[in-house]
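So you know, we letter chains A, B, ... as the sequences are listed, proteins then strands, and number each from 1. Side chains are part of it too, since the values below use all heavy atoms of this structure and drop only hydrogens, waters and symmetry mates.
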Amino acid sequence: MPDQSHQGSAQTPFIAMREITKTFPGVVANDQINFDVYRSEIHALLGENGAGKSTLVKILYGYYRADAGRILLDGKPVSIRSPQDARRANIGMVFQEFTLIPALSVAENIALFLPELPAVLNRREIHRQIQALSERYELHVDPQVMVAGLSVGERQKVEILKLLLSNARILILDEPTRVLAPHEVVALFRVLDHLRQDGYAIILITHKVKEVLQCADRITVLRAGRVAGSLPRAEADEGKLVTLMFGRELVGPKAGRQKARDEAVPPLLELRGVETRAEGAETSLKGIDLRVYPGEIVGVAGVSGNGQRELGDIVLGMIRCARGKKLLFGEDLTHASIGTVRRRGVAFVPEDPLTMAAVPFMTVLENMALTRTWHYARSGGFRVDWQAIRSDVQDAMGRFGFSFPLYAPARALSGGNLQRMTIVRELAHGPRLIIASYPTRGLDVQSAIAARQALIQARDDGAGVLLISEDLEELFALSDRLIVLYGGRIVGTFRPEETDAYTVGHLMTGAEVQHV
Amino acid sequence: MTLLSVLGVISSAIFSGTSLLYTTLGEVITERSGIVNLGLEGVLLVSASTGFAVASLTGNPYLGVLAAALAGGLMNLILGYLVVTRRGNQLASGLALMFFGFGLSALIGKPYVGAKIKGLPRILLPGLQELPRLYASLFRFDLLIYLVIPAAVLVWWLLFRTRWGLGLRAVGESADTAFASGRNPWLIRYQALFVGGLLAGLGAAHLSIAYAMNWTEYMTAGRGFIAVALVIFSKWHPLRAIVGALLFSAAVAFQLLLQSSGIKVSPFLLDTIPYLLTLLVLIIWGGTRKHAAPASLGRVYHGTE
Ligand SMILES: Nc1ncnc2c1ncn2[C@@H]1O[C@H](COP(=O)(O)OP(=O)(O)OP(=O)(O)O)[C@@H](O)[C@H]1O
Ligand SMILES: [Mg+2]
């Protein structure tokens, strides 16, 4: 047994980061940051998009190397130059962007991160470990399926399992709740609470101030790469934290319901008895009848993995209808290409922007041009008008109040900036129909408000919006009509003012389906 | 066509398919780690000439095999230096390696053109002692032939059942993720190249020390490129590579048989049969999601800042 004298002492922090500085070309991501985490503590990191949260924890995990600064473990300096060093120091991390390999199975992905993996794999033993832990913490996944077929919610569960199985004592979770359904968030916080009681140190990054006030012991706020403040939960409240994050208080969006709809107007989108055939772990849609009219926001509620992704994909044309018809703007486009659909004026914000909306190795500006190359092509397609693209993008950024670097490769953007990029690109050109999947995921409070405002603006300008979300508050605030998806079927249609979150939440879990 | 000629086709498919299969297995390993080796032709030539030279000098064919394998591993490490450490483009570096191999092998092999060596001893398949001599001679195989299928199974086991294989495949799919899991993607790619080179070296050794038992310049005749194609054909899977290598070699042998049996078809047309067959299979099987190439194949790993 090692010397116990300095272990578990309440005075020395488990981890102390001292004057950490890190610059990327053109930005100081971390500027002399001091950050302490104690045993049996959940320490929340808050801050707006691009504030430097992910950079700081990646330095702690050895994924990036700081330009300057020290890290102390139990008061003793340690050198963490790679994830290998960090893992040896019992530090584990769930990354904001997924570190799962789609072509491998869930079990293989988890095995990759197991600390004491034997040289010859014992698959039965790995499956047993996964199953035992997933039952204990209510994180259910099938270890045998390929990750490629999982929804983002399921992927997040795999990431958390990976962390819990890695024997780490210092756990870093970068926006783990971003893609989880409300009941899963509750379950996760229960897990974290257990771990805290067992003496673990936990670093939690999130944009949801309410969550922070629920479960954190201490809260540190970053702003533009510096520590804006650090306070115990007892002293924190929502207003204080928001002011620390943005330097001012925020006003919510003015939703205002849609005016009475003119029933004679033809729908923008009409799905008639649409069905899909599932592949792998996908959910097949069954008998979907859905209309979206101009000037309305149709909210789609449901636990992820119940057909939301397929619904968005089918409208855009990424997957084929096995049966049924899809009409867009009165035209039968059941078998049309994505290009045709987009050119008719359909915008699409997908659920996972890094893999589905961006080419990671191209610059942001190139990514911005990607969906409208036909618009910017000159000299018969031999030249691209970059000038026009840049001025369009800057103009749109101004309108939305978003800013992000234009010449960095997309993979270097912070998670929230990538989401901002996607939203600007998709909403900038006056689309007639918007399919928005989890549009505010990963956005800070202020940007989320701006994104919602942009959707409302588009609706008021006469566009139709299909808003897919797990955030019931958001759905109730924005939707003019609400449908609930469960198991690939529409199991309920409501006007938000005529129902409540409780009813919808129940339908989402399939609870009432048997009784209806 | 007689029974003898059919058996002859099978026998010669096995002989020429063996070197192809070893080479393909080696390339499966390197490509699974994310590196495509277009210089394989040069690697084979250097291995074949080195192995032949050592076998001739020492009089011991097994030492020749060992030397050929090591030469293959070292040649692949040169590629590693170019594409892993210097972060060069894989296709350009591979082609450079090929030309380097052409020159180097000619240099090594020059004194041994026309030399005679004691080839790898051949052992009759047990149970075939009763056959007439002519038939039996078709089925006297050397050790490398007997070991090639077990080698394919071994490669499969390494890739899919060991920690090393898991890490290697992870690097080929996403080097960033492999790094996040505490691995060193650069080191793993070097290891994959070395092991892949050893296997290619065995293939080359079989060609010059066991099958042809002589050295001529450019004796590999495109096998390196065929192996790269066979890796695609076998969808990066070592067991499917067995089928690919045998099918391809059988097509070559059959085509030789047709030519010798005096059927009036242009020999140039017949020459294309094996390649047409490969194309056909590629078209029919196509690329499905489950059998797609490793996601980072050909991509430079830059590391993190
Ligand atoms: N690999 C990189 N190369 C270049 N710039 C980077 C890189 N990683 C991060 N940055 C920049 O550093 C800044 C901080 O990014 P970071 O990811 O730490 O933000 P964050 O606080 O996690 O934001 P979010 O809430 O959006 O995830 C951003 O301006 C980002 O563009
Ligand atoms: Mg982040």
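- Heavy atoms of A:A86 lying under 4.5 Å from chain B are absent altogether.
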Inset, instruction - Give the C-alpha distance, both sets of side-chain angles, the deciding distance and a yes or no for side chain to side chain contact (heavy atoms under 4.5 Å, CB included) between B:N184 and A:Q84. - result: CA-CA 9 Å; B:N184 180 340; A:Q84 201 176 6; 5.7 Å; no
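- Distance check, rounded to the nearest 0.5 Å: CZ of A:F113 to OG1 of B:T177 gives 6.0 Å.
- If you tally non-hydrogen atom pairs under 4.5 Å between each of A:M93, A:R87, A:K162, A:R88 and chain B, the highest count goes to A:R87.
- Annotation: residues 119-129 of chain A contacts chain B through A:A119, A:V120, A:L121, A:R123 [non-hydrogen atoms, separation under 4.5 Å].
- The contact list for residues 165-173 of chain B toward chain A, using heavy atoms and a distance under 4.5 Å, reads B:L166, B:G167, B:R169, B:A170, B:E173 by residue number.
- Of residues 144-159 of chain B, those residues with a non-hydrogen atom less than 4.5 Å from any non-hydrogen atom of chain A are, in numerical order, B:W157.
- Counting heavy atoms of neighbouring residues, nucleotides and ligands inside a 6.0 Å radius, atom CZ of B:R87 exceeds 12 of them.
- Per-residue heavy-atom pair counts under 4.5 Å with chain A were compared for B:R299, B:R183, B:R163, and the maximum is reached by B:R163.
- B:A180 and A:P83 make their closest contact through O-CB, 3.6 Å (heavy atoms, listed as atom of the first residue, atom of the second, distance).
- Residue contact with chain B, scored on non-hydrogen atoms closer than 4.5 Å, involves the backbone and the side chain of A:L117 alike.
- Contacts of residues 58-67 of chain A with chain B at a heavy-atom distance below 4.5 Å involve A:Y61, A:G62, A:Y63, A:Y64, A:R65, listed in sequence order.
- Counting heavy-atom pairs under 4.5 Å between each of A:L112, A:D85, A:L100, A:T99 and chain B puts A:L112 at the top.
- With a 4.5 angstrom heavy-atom cutoff, A:P25 touches chain B only via side-chain atoms.
- The contact between A:P118 and chain B is made entirely by backbone atoms, counting heavy-atom distances below 4.5 Å.
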